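The structure displayed is predicted, hence computed values, not measured ones. Chain letters run A, B, ... following the sequence lines, proteins first and then strands; every chain starts at 1.
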Amino acid sequence: MAVLAVLAAMFIHLLVTNEAFNWSFMVDRMFRPPIIEGLLRGTVLMTVTAMVIGVTLGVVIAVMRLSENPILRGVAWLYTWFFRAVPRLVLLAVFGNIGILWSRIEFGVPFDTQLGQLFGIDNLQLRLFGFSSRDILTGFMAGLLGLALSEAAYMAEIVRAGIQSVDQGQTEAAQALGMSRGQLLRRVVLPQAMRVIIPPTGNETIAMLKDTSLLLYVPVSVELFFQLDAVGKRTFQIFPMYVAACLWYLFLTSILLVGQYFLERHFGKGYGTAGRARLRLRGMAAEAGGNPGEVKP
Amino acid sequence: MTELAIPGQAGAPAAESDLMVRAEQVHKSFGSIEVLKGIDLEVRPGEVACLLGPSGSGKSTFLRCINHLEKINAGRIWVDGELIGYRERGGKLHEMREKEVAAQRRSIGMVFQRFNLFPHKTALENVTEAPLLVRKEKRAEVRDRAAALLERVGLGDRLHSYPSQLSGGQQQRVAIARALAMQPKLMLFDEPTSALDPELVGEVLDVMKDLARDGMTMIVVTHEIGFAREVGDSLVFMDGGVVVERGNPREVIADPKHERTKAFLAKVL
């Protein structure tokens, strides 16, 4: 205890006396409008959108992965393999510079020029619409694409584990009632898988919030860490601004942790420690050919 | 599927259209293990057929073939004149698409050994789920019918209980009500009382007896010899993937002809 107290006192002494922290400068700068805008758009909005897309796409990929169709299964496997194998930072750098590959992205009949030549028409153009990649695939959109696609791969694995955790008897009961695969997934399997899916999804959200700082490498300028880093480099007060970044991320993740606590409590209803023990007991009793009898909630 | 006229057989004892279930030389293998080695079965409407046999005899597997929860490797199964799970074209069988199989299953109710109620739904919601979702019926009508069914199985006061709040016997009775809510013409029971405490077996059997008295066609895989004797119209004894003996339950139980039937009955009686 005494040792801990001394160590804590030494740490506070360091925080207060070391000039390099420059607390007043940090507090003055960390609430400036560009930083708040970066926090709201680049960090909070980006986290929310990337997670929404990531979870939705992740469910689709998980269902594909568990499908009986080998092509769908293969595509899903390839997708998760690629996006889990490439580090997020590298992925973001790639998406940020994808404009180098195509300056314009257009939709229309594929291989139109080549086909035209086949029929003797020079420079045939069958494009329906297009846009400059510099308008779309820079900054926010490139960052969002990188984070969301990568997140979908991780979410797909989480959702797959959740679906597989649901007893096979549930699927059979639903099939015996004449439900189609889509109906039984939506109404029977996924609601039960949620209990397994929610906690790691909370962790993924927190990880995503922190990973928005990687957008520095796209680059996305309207983003918390980009702004703090820029202020630090411009004013040569690098360390105070990094401390500000730590404090901001601590604050934001703490809010999410509270949210996660309540979310887990909600979805764990009736499945608490007592509930789990009860289920285990019933399972064992059923296997032994018996039954624990009337169980009150 | 009206084009699936059943090939006529000269000298067949009953006209096939009179049968609720007809199985012909059903074979089923899991990998290299053959669990069904050519099963024949005929069940008339309103009949209660009991499948008896030691564990691993293939009786549950055969039951699961009747609503195509298991694919069969050879043979044919008709329910109410309709070929199950396959379409016959040019003398060849083609497996049906998932949607068509689902449509066939709607008129076949099934009750499982481990109940398999939906744990995130109340008793009432378990019963109303399929009629609402699959048959797109009106909510008010389904609700009334479901409440009446739960009343009939003696659970009129537990409509809003979750499965985890019900005993095994109560859960199984909800499961029976859930299957009946689809107004099936055939009910399959897969060892419905095997996971129950002895004192809870009676309440489930009572519901099944009531159902049999009402004229429901039932195929029951069971170890309850008493039920087979009292309620069964026919008894099929299976062992090692084949039908060893069949006949009137009272006669077979009182005077089994085959050695294996004798040995089995001696153990369970």
**Interatomic spacing from CZ in B/Arg105 to OG in A/Ser180 - rounded to 0.5 Å** = 11.0 Å

**Request:** Could you look at B/Leu117 and say if it's the side chain, the backbone, both or neither that has a heavy atom under 4.5 Å from chain A?
**Result:** backbone

**Fill in**
Whatever's closer than 4.5 Å to a heavy atom in chain A on B/Phe112 counts as side chain

**Prompt:** When rounded to the nearest 0.5 angstrom, what is the spacing between CG in A/Leu177 and CD in B/Glu129?
**Reply:** 9.0 Å

**Message:** Counting only heavy atoms from other residues, nucleotides and ligands, does the tally under 6.0 Å from NZ of B/Lys138 exceed 12?
**Reply:** no

**Request:** May I ask you to check whether over 12 heavy atoms, not counting those of B/Lys209, lie within 6.0 Å of atom NZ?
**Result:** yes

**Among the listed options B/Arg106, B/Arg135, B/His68, the residue most often paired with chain A at heavy-atom distances under 4.5 Å** = B/Arg106

**Message:** Can you list the residues of residues 56-65 of chain A that sit under 4.5 Å from chain B, counting heavy atoms only?
**Reply:** none

**Message:** As a quick check of understanding, evaluate side-chain contact (heavy atoms from CB on, under 4.5 Å) for B/Arg64 and A/Glu172, giving each step before the final call.
**Reply:** CA-CA 10 Å; B/Arg64 292 159 57 85; A/Glu172 287 182 358; 2.8 Å; yes

**Heavy-atom side-chain contact between B/Leu133 and A/Arg187 under 4.5 Å** = yes

**Asked** Would you say B/Lys99 has more than 12 foreign heavy atoms packed within less than 6.0 Å of its NZ?
**Response** no

**Message:** Counting only heavy atoms from other residues, nucleotides and ligands, does the tally under 6.0 Å from CD1 of A/Ile71 exceed 12?
**Reply:** no

**Asked** Under 6.0 Å from the CZ atom of A/Arg41, do we count more than 12 heavy atoms belonging to anything else shown?
**Response** no

**Request:** Can you tell which part of B/Arg178 gets under 4.5 Å to a heavy atom of chain A, answering side chain, backbone, both or neither?
**Result:** both

**Message:** Within the structure provided, determine whether A/Gln170 and B/Pro119 are in side-chain contact (heavy-atom separation under 4.5 Å).
**Reply:** yes

**Asked** Is B/Phe30 atom CZ crowded by more than 12 heavy atoms from other residues, nucleotides or ligands, each under 6.0 Å away?
**Response** yes

**Prompt:** Can you tell me if A/Gln175 uses its side chain to pair, donor with acceptor, with the backbone of B/Leu69 under 3.5 Å?
**Reply:** no

**Item:** Closest contact, heavy atoms only, A/Ala176 versus B/Asn67
**Value:** CB-ND2, 3.9 Å

